[in-house]
Asker: 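Here's a structure for you.
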Amino acid sequence: MEIVAVIDFETTGLSPAQGDRATEIAAVIVEDGKVVDRYQSLMNAGVRIPSFIESLTGISDAMIRQAPPAAEVMQAVSDFVGDLPLVAHNASFDCKFWDAELARIQRGRQKDFICSLLLSRRIFPQAPSHKLSALIEYARLPVAGRYHRALADAEMAASLLLRLEEELQQRHGVTEVSPDFLRQIQRVPKNQLAKCIASRRR
DNA sequence: TGCCAGGCCCTCTTTAGGGCCTT
(Lines give C-alpha, C1' and ligand atoms only; values in the text may rest on other atoms or scores of the structure.)
Protein backbone atom coordinates (compact mmCIF):
# COMPACT_ATOMS: atom_id res chain seq x y z
CA MET A 1 0.00 0.00 0.00
CA GLU A 2 1.07 3.58 -0.55
CA ILE A 3 2.34 5.53 2.43
CA VAL A 4 -0.43 6.74 4.77
CA ALA A 5 -0.60 8.64 8.07
CA VAL A 6 -2.74 7.25 10.90
CA ILE A 7 -3.86 9.92 13.35
CA ASP A 8 -5.63 10.00 16.70
CA PHE A 9 -6.94 12.91 18.79
CA GLU A 10 -7.67 13.14 22.49
CA THR A 11 -10.13 15.94 23.16
CA THR A 12 -12.26 17.55 25.87
CA GLY A 13 -15.44 16.04 24.43
CA LEU A 14 -17.22 14.83 21.35
CA SER A 15 -18.01 17.94 19.37
CA PRO A 16 -15.91 20.90 18.25
CA ALA A 17 -19.19 22.57 17.26
CA GLN A 18 -20.12 22.53 20.97
CA GLY A 19 -16.80 24.10 21.98
CA ASP A 20 -14.75 20.96 22.56
CA ARG A 21 -11.02 21.21 21.80
CA ALA A 22 -8.15 18.86 21.12
CA THR A 23 -5.80 18.07 24.02
CA GLU A 24 -3.38 15.65 22.33
CA ILE A 25 -2.63 14.39 18.84
CA ALA A 26 -0.49 11.61 17.44
CA ALA A 27 0.33 10.67 13.87
CA VAL A 28 2.23 7.61 12.70
CA ILE A 29 3.54 7.11 9.17
CA VAL A 30 2.91 3.63 7.75
CA GLU A 31 5.13 2.46 4.91
CA ASP A 32 5.89 -1.04 3.58
CA GLY A 33 3.78 -2.74 6.23
CA LYS A 34 5.25 -0.99 9.24
CA VAL A 35 5.31 2.23 11.23
CA VAL A 36 8.38 4.19 10.11
CA ASP A 37 7.87 7.56 11.85
CA ARG A 38 5.88 9.02 14.75
CA TYR A 39 4.67 12.41 16.00
CA GLN A 40 2.95 12.99 19.34
CA SER A 41 2.21 16.06 21.40
CA LEU A 42 -0.12 17.33 24.07
CA MET A 43 -1.55 20.74 23.17
CA ASN A 44 -2.77 23.71 25.15
CA ALA A 45 -5.99 25.17 23.74
CA GLY A 46 -6.64 27.17 26.92
CA VAL A 47 -9.55 25.00 28.04
CA ARG A 48 -10.28 23.00 31.21
CA ILE A 49 -10.29 19.22 31.12
CA PRO A 50 -13.63 17.77 32.35
CA SER A 51 -13.10 15.26 35.18
CA PHE A 52 -14.62 12.47 33.13
CA ILE A 53 -12.10 13.08 30.37
CA GLU A 54 -9.21 13.19 32.87
CA SER A 55 -10.33 9.79 34.19
CA LEU A 56 -10.68 8.43 30.66
CA THR A 57 -7.39 9.65 29.21
CA GLY A 58 -5.18 10.44 32.18
CA ILE A 59 -4.62 13.90 30.66
CA SER A 60 -4.91 16.60 33.34
CA ASP A 61 -5.09 20.40 33.44
CA ALA A 62 -1.55 20.42 34.86
CA MET A 63 -0.26 18.45 31.87
CA ILE A 64 -2.03 20.74 29.40
CA ARG A 65 -0.71 23.91 31.09
CA GLN A 66 2.85 22.79 30.30
CA ALA A 67 2.02 21.80 26.70
CA PRO A 68 2.79 23.95 23.64
CA PRO A 69 -0.05 26.06 22.18
CA ALA A 70 -2.59 24.19 20.06
CA ALA A 71 -1.79 26.32 17.00
CA GLU A 72 1.90 25.45 17.20
CA VAL A 73 1.15 21.71 17.55
CA MET A 74 -1.37 21.67 14.70
CA GLN A 75 1.10 23.43 12.45
CA ALA A 76 3.77 20.86 13.33
CA VAL A 77 1.53 17.81 12.85
CA SER A 78 0.12 19.22 9.62
CA ASP A 79 3.69 19.63 8.32
CA PHE A 80 4.56 16.14 9.59
CA VAL A 81 1.80 14.37 7.62
CA GLY A 82 2.03 16.67 4.58
CA ASP A 83 -0.40 15.57 1.88
CA LEU A 84 -0.41 11.87 2.81
CA PRO A 85 -3.78 10.09 2.91
CA LEU A 86 -5.08 10.21 6.50
CA VAL A 87 -6.51 7.25 8.41
CA ALA A 88 -8.33 7.14 11.77
CA HIS A 89 -10.53 4.77 13.76
CA ASN A 90 -14.06 6.20 13.50
CA ALA A 91 -12.66 8.87 11.21
CA SER A 92 -15.81 10.99 11.28
CA PHE A 93 -14.78 11.97 14.83
CA ASP A 94 -11.09 12.73 14.15
CA CYS A 95 -11.98 14.44 10.86
CA LYS A 96 -14.24 16.92 12.68
CA PHE A 97 -11.43 17.90 15.07
CA TRP A 98 -8.76 17.86 12.35
CA ASP A 99 -10.78 20.29 10.24
CA ALA A 100 -11.76 22.46 13.21
CA GLU A 101 -8.23 22.75 14.66
CA LEU A 102 -6.68 23.35 11.21
CA ALA A 103 -9.27 26.01 10.39
CA ARG A 104 -8.02 27.95 13.44
CA ILE A 105 -4.59 28.24 11.78
CA GLN A 106 -6.03 28.93 8.32
CA ARG A 107 -5.14 25.51 6.96
CA GLY A 108 -7.32 22.89 5.27
CA ARG A 109 -7.52 19.31 4.13
CA GLN A 110 -7.53 18.02 0.54
CA LYS A 111 -8.60 14.37 0.82
CA ASP A 112 -11.26 12.27 2.54
CA PHE A 113 -10.15 10.20 5.52
CA ILE A 114 -9.88 6.42 5.45
CA CYS A 115 -11.77 4.89 8.38
CA SER A 116 -10.53 1.67 10.02
CA LEU A 117 -13.88 1.29 11.82
CA LEU A 118 -15.89 1.25 8.57
CA LEU A 119 -13.32 -1.09 6.99
CA SER A 120 -13.48 -3.43 10.00
CA ARG A 121 -17.27 -3.63 9.80
CA ARG A 122 -16.92 -4.91 6.24
CA ILE A 123 -13.77 -7.03 6.48
CA PHE A 124 -14.40 -8.41 10.00
CA PRO A 125 -18.24 -8.46 10.09
CA GLN A 126 -18.09 -11.33 12.58
CA ALA A 127 -16.09 -9.38 15.19
CA PRO A 128 -18.07 -9.07 18.44
CA SER A 129 -17.45 -5.31 18.57
CA HIS A 130 -15.80 -2.80 16.28
CA LYS A 131 -14.36 -0.51 18.91
CA LEU A 132 -10.58 -0.27 18.71
CA SER A 133 -9.78 -2.22 21.88
CA ALA A 134 -12.10 -5.09 20.91
CA LEU A 135 -10.64 -5.30 17.41
CA ILE A 136 -7.08 -5.36 18.76
CA GLU A 137 -8.06 -8.31 20.95
CA TYR A 138 -10.07 -9.99 18.18
CA ALA A 139 -7.21 -9.77 15.67
CA ARG A 140 -4.65 -10.70 18.36
CA LEU A 141 -2.63 -7.55 17.78
CA PRO A 142 -0.26 -6.12 20.40
CA VAL A 143 -1.54 -3.49 22.84
CA ALA A 144 0.77 -0.53 22.16
CA GLY A 145 0.22 1.31 25.46
CA ARG A 146 -2.59 2.90 27.41
CA TYR A 147 -5.87 3.11 25.50
CA HIS A 148 -7.17 6.67 25.11
CA ARG A 149 -3.71 8.13 24.73
CA ALA A 150 -3.09 9.43 21.23
CA LEU A 151 0.15 7.66 20.32
CA ALA A 152 -0.93 4.24 21.61
CA ASP A 153 -4.30 4.49 19.85
CA ALA A 154 -2.68 5.68 16.60
CA GLU A 155 -0.15 2.80 16.73
CA MET A 156 -2.94 0.28 17.32
CA ALA A 157 -5.14 1.74 14.57
CA ALA A 158 -2.09 1.44 12.28
CA SER A 159 -1.57 -2.23 13.14
CA LEU A 160 -5.29 -2.83 12.62
CA LEU A 161 -5.10 -1.15 9.20
CA LEU A 162 -2.19 -3.41 8.24
CA ARG A 163 -4.12 -6.46 9.46
CA LEU A 164 -7.12 -5.41 7.34
CA GLU A 165 -4.87 -4.95 4.33
CA GLU A 166 -3.39 -8.41 4.92
CA GLU A 167 -6.89 -9.88 5.12
CA LEU A 168 -7.82 -8.30 1.76
CA GLN A 169 -4.68 -9.68 0.16
CA GLN A 170 -4.50 -13.17 1.68
CA ARG A 171 -8.15 -14.07 2.22
CA HIS A 172 -9.75 -12.16 -0.63
CA GLY A 173 -6.89 -12.25 -3.16
CA VAL A 174 -6.72 -8.49 -3.69
CA THR A 175 -3.41 -7.62 -5.34
CA GLU A 176 -3.18 -3.87 -4.81
CA VAL A 177 -4.64 -2.15 -1.76
CA SER A 178 -4.57 1.56 -2.58
CA PRO A 179 -6.00 4.35 -0.41
CA ASP A 180 -8.64 4.96 -3.10
CA PHE A 181 -9.64 1.29 -2.99
CA LEU A 182 -9.97 1.46 0.82
CA ARG A 183 -12.16 4.58 0.51
CA GLN A 184 -14.28 2.64 -1.99
CA ILE A 185 -14.52 -0.48 0.21
CA GLN A 186 -15.46 1.46 3.35
CA ARG A 187 -18.52 2.97 1.62
CA VAL A 188 -19.72 -0.05 -0.32
CA PRO A 189 -23.10 -1.58 0.69
CA LYS A 190 -22.67 -4.97 2.35
CA ASN A 191 -24.33 -6.86 -0.52
CA GLN A 192 -21.89 -5.33 -3.02
CA LEU A 193 -18.68 -5.93 -1.06
CA ALA A 194 -17.82 -9.24 -2.76
CA LYS A 195 -18.32 -7.70 -6.20
CA CYS A 196 -16.17 -4.72 -5.28
CA ILE A 197 -13.38 -6.95 -3.97
CA ALA A 198 -13.62 -9.26 -6.99
CA SER A 199 -12.78 -6.33 -9.26
CA ARG A 200 -9.34 -6.14 -7.63
CA ARG A 201 -8.48 -9.84 -7.71
CA ARG A 202 -5.53 -11.11 -9.61
C1' DT B 1 -35.82 26.73 31.06
C1' DG B 2 -34.00 23.09 29.02
C1' DC B 3 -31.29 21.51 25.79
C1' DC B 4 -26.63 19.89 24.54
C1' DA B 5 -22.71 15.33 18.31
C1' DG B 6 -23.16 13.12 14.38
C1' DG B 7 -22.31 9.54 10.91
C1' DC B 8 -23.06 4.75 10.08
C1' DC B 9 -26.01 0.84 9.94
C1' DC B 10 -29.59 -2.46 11.14
C1' DT B 11 -34.49 -3.44 11.23
C1' DC B 12 -40.04 -5.06 14.05
C1' DT B 13 -37.58 0.64 7.96
C1' DT B 14 -38.09 4.02 4.08
C1' DT B 15 -43.73 9.31 6.71
C1' DA B 16 -38.34 6.01 12.03
C1' DG B 17 -35.97 4.61 15.87
C1' DG B 18 -32.14 3.16 18.25
C1' DG B 19 -27.43 1.04 19.04
C1' DC B 20 -22.55 1.63 17.98
C1' DC B 21 -18.32 4.34 17.98
C1' DT B 22 -15.20 8.35 18.78
C1' DT B 23 -13.75 11.85 23.60
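As a basis for the values below, the full set of heavy atoms in this structure was taken, side chains included, without hydrogen atoms, waters or symmetry mates. Throughout, protein chains are lettered first and strands after them, A, B, ... in sequence-line order, and every chain is numbered starting at 1.
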Asker: Report, one line per pair, each donor and acceptor closer than 3.5 Å where one atom sits in a side chain of residues 70-80 of chain A; sequence neighbours left out.
Answerer:
from    : atom 1 : to       : atom 2 : distance (Å)
A:Ser78 : OG     : A:Arg107 : NH1    : 2.9
A:Asp79 : OD1    : A:Arg107 : NH1    : 2.8
A:Asp79 : OD1    : A:Arg107 : NH2    : 3.3

Asker: Salt-bridge test for A:Arg171 and A:Glu166: reply yes if a basic N is under 4.0 Å from a carboxylate O, no otherwise.
Answerer: no

Asker: Taking salt bridge (Lys or Arg N to Asp or Glu O under 4.0 Å) as the test, write out the residues that go with A:Arg48, two or more places apart.
Answerer: A:Asp61

Asker: Using atom C1' of each nucleotide, how far apart are B:dC3 and B:dC21 to the nearest Å?
Answerer: 23 Å

Asker: Specify the residue among A:Ser92 and A:Gly13 whose closest nucleotide of DNA chain B lies further upstream toward the 5′ end.
Answerer: A:Ser92

Asker: Here's a test of your reading of the structure: between A:Leu56 and A:Arg187, which maps to the more 5' nucleotide of DNA chain B?
Answerer: A:Arg187

Asker: So what does A:Asp8 touch, heavy atoms closer than 4.0 Å: a base, only the sugar-phosphate, or nothing?
Answerer: sugar-phosphate

Asker: Across the strands shown, which category fits A:Glu10 at heavy-atom distances under 4.0 angstrom: base, sugar-phosphate, nothing?
Answerer: sugar-phosphate

Asker: Using a 3.5 Å cut-off and no angle test, enumerate the donor-acceptor pairs between side-chain atoms of residues 50-59 of chain A and protein atoms at least two apart in sequence or in another chain.
Answerer:
from    : atom 1 : to      : atom 2 : distance (Å)
A:Ser55 : OG     : A:Ser51 : O      : 3.0
A:Thr57 : OG1    : A:Ile53 : O      : 2.9
A:Thr57 : OG1    : A:Ile59 : N      : 3.0

Asker: Enumerate the residues from residues 46-53 of chain A whose closest heavy atom to DNA chain B is under 4.0 Å, giving them by residue number; use none for an empty result.
Answerer: A:Phe52, A:Ile53

Asker: Given the C1' atoms of B:dT13 and B:dG18, what is the spacing between them in whole Å?
Answerer: 12 Å

Asker: Just by modelled atom types, is the A:Ala91 backbone N or O under 3.5 Å from a matching donor or acceptor in the A:Lys96 side chain?
Answerer: no

Asker: Can you tell me, in whole Å, how much space there is between the P of B:dT15 and that of B:dC20?
Answerer: 26 Å

Asker: Go through DNA chain B in 5' to 3' direction and return only the first and the last nucleotide with some atom under 4.0 Å of chain A's heavy atoms.
Answerer: B:dC4 to B:dT23

Asker: Taking only residues two or more places apart in sequence, or in another chain, which ones meet A:Asp180 in a side-chain hydrogen bond (donor to acceptor under 3.5 Å, both in side chains)?
Answerer: A:Arg183

Asker: Suppose you measure atom P in B:dT22 against the same atom in B:dC4; what distance do you get, rounded to whole Å?
Answerer: 22 Å

Asker: Which pairs pass side chain to side chain donor-acceptor pair (under 3.5 Å) with one or both residues in residues 1-10 of chain A, sequence neighbours excluded?
Answerer: none

Asker: Give me the distance, rounded to whole Å, that separates B:dT14 from B:dC9 when you measure between the C1' atoms they each carry.
Answerer: 14 Å

Asker: Can a donor-acceptor pair be found between the side chains of A:Asp20 and A:Thr12 at a distance below 3.5 Å?
Answerer: yes

Asker: Quick test of your reading: applying side chain to side chain donor-acceptor pair (under 3.5 Å), list the pairs with at least one residue in residues 115-128 of chain A, sequence neighbours left out, ordered by first then second residue.
Answerer: A:His89-A:Ser116, A:Gln126-A:Tyr138

Asker: Please list, by residue number, the residues of residues 125-133 of chain A whose heavy atoms come closer than 4.0 Å to an atom of DNA chain B; answer none if no residue qualifies.
Answerer: A:Ser129, A:His130, A:Lys131, A:Leu132

Asker: For residues 125-137 of chain A, which residue pairs qualify under salt bridge (Lys or Arg N to Asp or Glu O under 4.0 Å), counting only residues two or more places apart or in two chains?
Answerer: none

Asker: With rounding to whole Å, what would you report as the distance between B:dC12 and B:dG19 at their P atoms?
Answerer: 14 Å

Asker: Describe the nucleic acid contact of A:Arg21 in one word from base, sugar-phosphate, nothing, applying a heavy-atom distance below 4.0 Å.
Answerer: nothing

Asker: Any chance you could lay out the side-chain contact (heavy atoms from CB on, under 4.5 Å) test for A:Asp37 and A:Glu31, step after step, and finish with the verdict?
Answerer: CA-CA 9 Å; A:Asp37 206 356; A:Glu31 182 177 10; over 6 Å; no

Asker: Enumerate donor-acceptor pairs with a distance under 3.5 Å from any side-chain N or O in residues 147-158 of chain A to protein atoms, sequence neighbours excluded.
Answerer:
from     : atom 1 : to       : atom 2 : distance (Å)
A:Arg149 : NE     : A:Glu24  : OE1    : 3.0
A:Arg149 : NE     : A:Glu24  : OE2    : 3.3
A:Arg149 : NH2    : A:Glu24  : OE2    : 2.8
A:Asp153 : OD1    : A:His148 : N      : 3.2
A:Asp153 : OD2    : A:His148 : N      : 3.2
A:Glu155 : OE1    : A:Arg38  : NH2    : 3.4
A:Glu155 : OE2    : A:Arg38  : NE     : 2.4

Asker: For the side chain to side chain contact (heavy atoms under 4.5 Å, CB included) test, which of A:Asp112, A:Leu118, A:Leu182 pairs with A:Arg187?
Answerer: A:Leu118

Asker: Going by heavy atoms closer than 4.0 Å, what residues in residues 147-159 of chain A are next to DNA chain B?
Answerer: A:His148, A:Asp153

Asker: Look up atom CZ in A:Phe93 and atom OG1 in A:Thr11, then write down how far apart they are to the nearest 0.5 Å.
Answerer: 3.5 Å

